Participant: 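Submitted below is the structure of interest, expressed as structure tokens.
Numbers restart at 1 for each chain; the letters A, B, ... are given by sequence-line order, proteins then strands. Small disclaimer: the values here were computed from a predicted structure and weren't measured.
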2 protein chains.
Amino acid sequence: MDVREGKEKFIEAWGKMATEWGINRTMAQVHALLLISPDPLTADQVMADLDISRGNVNMNLRALMDWGLVHKQLKAGERKEYFFAEKDMWTVVRQIIIQRKKRELEPMLKVLDEVASVEENCPESKQFNEVVSDIRMFSHKANQTLDTLIKADSNWFTNIFLRMVR
Amino acid sequence: MDVREGKEKFIEAWGKMATEWGINRTMAQVHALLLISPDPLTADQVMADLDISRGNVNMNLRALMDWGLVHKQLKAGERKEYFFAEKDMWTVVRQIIIQRKKRELEPMLKVLDEVASVEENCPESKQFNEVVSDIRMFSHKANQTLDTLIKADSNWFTNIFLRMVR
DNA sequence: CATTGTTTTCAAATAAAATTGAAAACATTG
DNA sequence: CAATGTTTTCAATTTTATTTGAAAACAATG
């Protein structure tokens, strides 16, 4: 297979997977493009490569920087801004965990904690409390585990994987 | 807090979280409603409780059954069909892992394996192969780990959590 | 401080996804 | 097998999310 075909397939698959995980397809494609590019790219290059508008590129590059997955690089003597993606996969995954945890898991935990104070005086409230308590414990455990994961280094992560499949 | 308020908050939060994970909000709300209901519900009850159309209820109930999160119950002497959700959280999570792995991770692995055969003859293809190889290894490891998780029982899962945060 | 190159913004347009509702299909019953 | 209760389907509609593109803002340069 040649690089061009490989790149296309990869960018397409990365974008498709993203939509299944609630992430904008184009944002993921910009990310994929930068991931596999050996050098930083300008907004114009991304525009041309993915055939999308300047505004779209700008918005998605900013979003990717918010997620900590892409960084800006300024080249001496040039006015254009260059962008490159974090390439180390463990750092990428860690960054995604940090952001999704903060944006999604933590607000959910807050709601679960609030909602755990329902008084129990009928079958309806009994079932409700049981399920909420179950999900709540589960989520708090997941939260702790993710905190540990975030602090861990790449090797430790690999070790956990190995330990789990053993 | 009273049950009504608790239920509403929970259903809303569950639906919101779902959209952030690429799952239809209504599907998640139907799931939430059945999760916290002490008894199986008919399509009509779901319709009334969530104030959505019959067609919508039908489609989402079928989708939830596809995911293995909801089951049908037939009551003797009644023509209506009743639906109830799997309540055990570990089973719910396992079911979601099984389905998402099959629908998303495995196709992605297939693409990564295909695309790993790019010949390496320029900086572009070198960078491409490095990134793909990295993601590929990572994903295969994740896949193995998930297989182990799926086979594991609830206690084993708890133990892993505990082991990881220790 | 005007010119030029570049980035950012955001209202409007477009595209994608979800929902409705009425008709059709199906199933049970007498 | 007609009447009735129930589920399923799907074209049309509505809602939501994404994208565009042109104007405004910004920044560097002479």
Side-chain angles (χ1 to χ4, degrees), chain A residues 11-12 14-34 40-67 70-84 100 103-104, chain B residues 11-34 40-67 69-84 100 103-104:
Chain A
I11 291 174
E12 194 189 318
W14 200 246
K16 193 188 168 206
M17 159 144 287
T19 60
E20 288 166 333
W21 285 82
I23 291 153
N24 181 303
R25 162 191 251 89
T26 304
M27 175 169 153
Q29 289 185 334
V30 173
H31 185 218
L33 178 65
L34 292 177
L41 303 179
T42 62
D44 283 311
Q45 289 175 297
V46 175
M47 251 178 96
D49 277 13
L50 299 179
D51 193 24
I52 55 180
S53 74
R54 179 179 305 290
N56 202 357
V57 169
N58 184 268
M59 279 183 160
N60 283 305
L61 281 173
R62 273 192 302 110
L64 284 164
M65 288 191 291
D66 280 351
W67 280 77
V70 163
H71 307 281
K72 219 179 249 195
Q73 185 170 77
L74 300 170
K75 292 202 181 178
E78 285 207 51
R79 270 165 83 173
K80 272 186 189 302
E81 294 173 336
Y82 286 77
F83 300 89
F84 65 100
R100 297 202 78 147
R103 295 165 198 222
E104 295 154 28
Chain B
I11 291 174
E12 193 188 319
W14 200 245
K16 194 188 167 205
M17 158 144 288
T19 60
E20 289 165 333
W21 285 82
I23 291 152
N24 181 303
R25 162 191 250 89
T26 304
M27 174 170 154
Q29 290 185 335
V30 172
H31 184 217
L33 178 65
L34 293 176
L41 303 179
T42 63
D44 283 311
Q45 288 175 297
V46 175
M47 249 176 99
D49 277 13
L50 299 180
D51 193 25
I52 55 181
S53 75
R54 179 180 306 287
N56 202 357
V57 169
N58 185 267
M59 280 182 159
N60 283 304
L61 281 174
R62 273 192 301 110
L64 284 164
M65 288 192 290
D66 280 351
W67 280 77
L69 299 173
V70 163
H71 306 281
K72 219 180 249 196
Q73 186 171 78
L74 300 171
K75 292 202 182 178
E78 284 208 53
R79 272 166 80 174
K80 274 186 189 298
E81 295 173 335
Y82 286 77
F83 300 90
F84 64 100
R100 297 203 78 149
R103 295 167 197 220
E104 296 154 27

Participant: Please step through side chain to side chain contact (heavy atoms under 4.5 Å, CB included) for the pair B/Asn56 and B/Leu50, ending with a clear verdict.
Facilitator: CA-CA 11 Å; B/Asn56 202 357; B/Leu50 299 180; over 6 Å; no
Participant: Are there over 12 heavy-atom neighbours, none belonging to B/Glu12, within less than 6.0 Å of that residue's CD?
Facilitator: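 Open.
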Participant: How close or far is atom P of D/dT7 from atom CG of B/Asn60, stated in whole angstroms?
Facilitator: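 Taking atom P of D/dT7 as the reference, CG of B/Asn60 is at 15 Å.
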Participant: Within the 4.5 Å heavy-atom criterion, are A/Asp44 and A/Arg54 side-chain neighbours or not?
Facilitator: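 Sidechains of A/Arg54 and A/Asp44: in contact.
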Participant: Pull out every protein N or O sitting under 3.5 Å from an N or O of nucleotides 9-17 of chain D, one pair per line with the distance.
Facilitator:
| residue | atom | partner | partner atom | Å |
| --- | --- | --- | --- | --- |
| D/dT9 | OP2 | B/Arg62 | NH2 | 3.2 |

Participant: Does B/Phe84 have any ring-ring contact (aromatic ring centres under 6.0 Å, His included) partners at least two apart in sequence or in another chain, and if so, which?
Facilitator: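 For B/Phe84 the ring-ring contact (aromatic ring centres under 6.0 Å, His included) partners, ignoring immediate neighbours, are B/His71.
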Participant: So, using side-chain hydrogen bond (donor to acceptor under 3.5 Å, both in side chains) as the criterion, who are the partners of B/Arg103 when residues are at least two apart?
Facilitator: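 Residues passing side-chain hydrogen bond (donor to acceptor under 3.5 Å, both in side chains) with B/Arg103: B/Gln99.
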Participant: Return the polar atom pairs (N/O with N/O) between nucleotides 24-28 of chain C and the protein under 3.5 Å, or none.
Facilitator:
| residue | atom | partner | partner atom | Å |
| --- | --- | --- | --- | --- |
| C/dA27 | N3 | B/Arg79 | NH2 | 3.1 |
| C/dT28 | O2 | B/Arg79 | NH1 | 3.4 |

Participant: Which residues pass the side-chain hydrogen bond (donor to acceptor under 3.5 Å, both in side chains) test with B/Arg25, not counting sequence neighbours?
Facilitator: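 For B/Arg25, no residue satisfies side-chain hydrogen bond (donor to acceptor under 3.5 Å, both in side chains) once neighbours in sequence are set aside.
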Participant: Compare the minimum distances between each of D/dT19, C/dT19, D/dT7 and the side chain of B/Glu81, then state the nucleotide with the smallest one.
Facilitator: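 Nearest to the side chain of B/Glu81 among the choices is D/dT7.
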Participant: Atom NZ of B/Lys72 and atom P of D/dT7: how far apart are they, to the nearest Å?
Facilitator: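 Result: 8 Å.
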Participant: Can you tell me the distance, in whole Å, between the CD1 atom of B/Ile52 and the P atom of C/dT20?
Facilitator: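 Answer to the nearest Å: 7 Å.
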Participant: Please classify the nucleic acid contact of B/Thr42 as base, sugar-phosphate, or nothing, using heavy-atom distances under 4.0 Å.
Facilitator: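 No contact.
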Participant: Give me the stems containing DNA chain C, sorted by first residue, counting only three or more consecutive Watson-Crick or G-U pairs with both distances under 3.5 Å; say none if there aren't any.
Facilitator: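 DNA chain C forms these stems: C:1-30 with D:1-30.
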Participant: Could you check B/Arg62, B/Lys75, B/Lys72 and say which one makes a salt bridge (charged side-chain N to carboxylate O under 4.0 Å, His left out) with B/Glu81?
Facilitator: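 Of all the options given, the one that passes is B/Lys72.
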Participant: Drop me the distance from B/Thr19's OG1 to B/Met27's CE, to the nearest 0.5 angstrom.
Facilitator: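 So the gap between those two atoms works out to 13.0 Å.
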Participant: Take atom OH of B/Tyr82 and atom C1' of D/dT7, then tell me their distance rounded to the nearest Å.
Facilitator: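 One finds 15 Å between C1' of D/dT7 and OH of B/Tyr82, rounded.
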Participant: For the residue pair A/Val46 and A/Leu34, what are the closest heavy atoms and their distance?
Facilitator: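 Nearest pair, atom of A/Val46 first, then A/Leu34: CG2-CD2, 4.5 Å.
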Participant: Could you state the NZ-P distance from A/Lys16 to C/dA16, rounded to the nearest angstrom?
Facilitator: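 About 15 Å, once rounded to whole Å.
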Participant: Is the number of heavy atoms from other residues, nucleotides or ligands within 6.0 Å of CG (A/Asp51) greater than 12?
Facilitator: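 No, CG of A/Asp51 has 12 or fewer neighbouring heavy atoms, counting only those of other groups under 6.0 Å.
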Participant: In Å and rounded to the nearest 0.5 Å, what is the CE to CG distance from A/Met65 to A/Leu61?
Facilitator: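 Between atom CE of A/Met65 and atom CG of A/Leu61 there are 6.0 Å.
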Participant: Write down the distance between CE (B/Met65) and C1' (D/dT8), rounded to a whole number of angstrom.
Facilitator: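 The distance from CE of B/Met65 to C1' of D/dT8 comes to 11 Å, rounded to the nearest Å.
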Participant: Rounded to whole Å, how long is the line connecting atom CD of A/Gln29 with atom C1' of D/dT18?
Facilitator: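 These atoms are roughly 13 Å apart.
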Participant: Without decimals, in angstroms, what is the distance between A/Glu20 CD and C/dA16 C1'?
Facilitator: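 Atom CD in A/Glu20 sits about 15 Å away from atom C1' in C/dA16.
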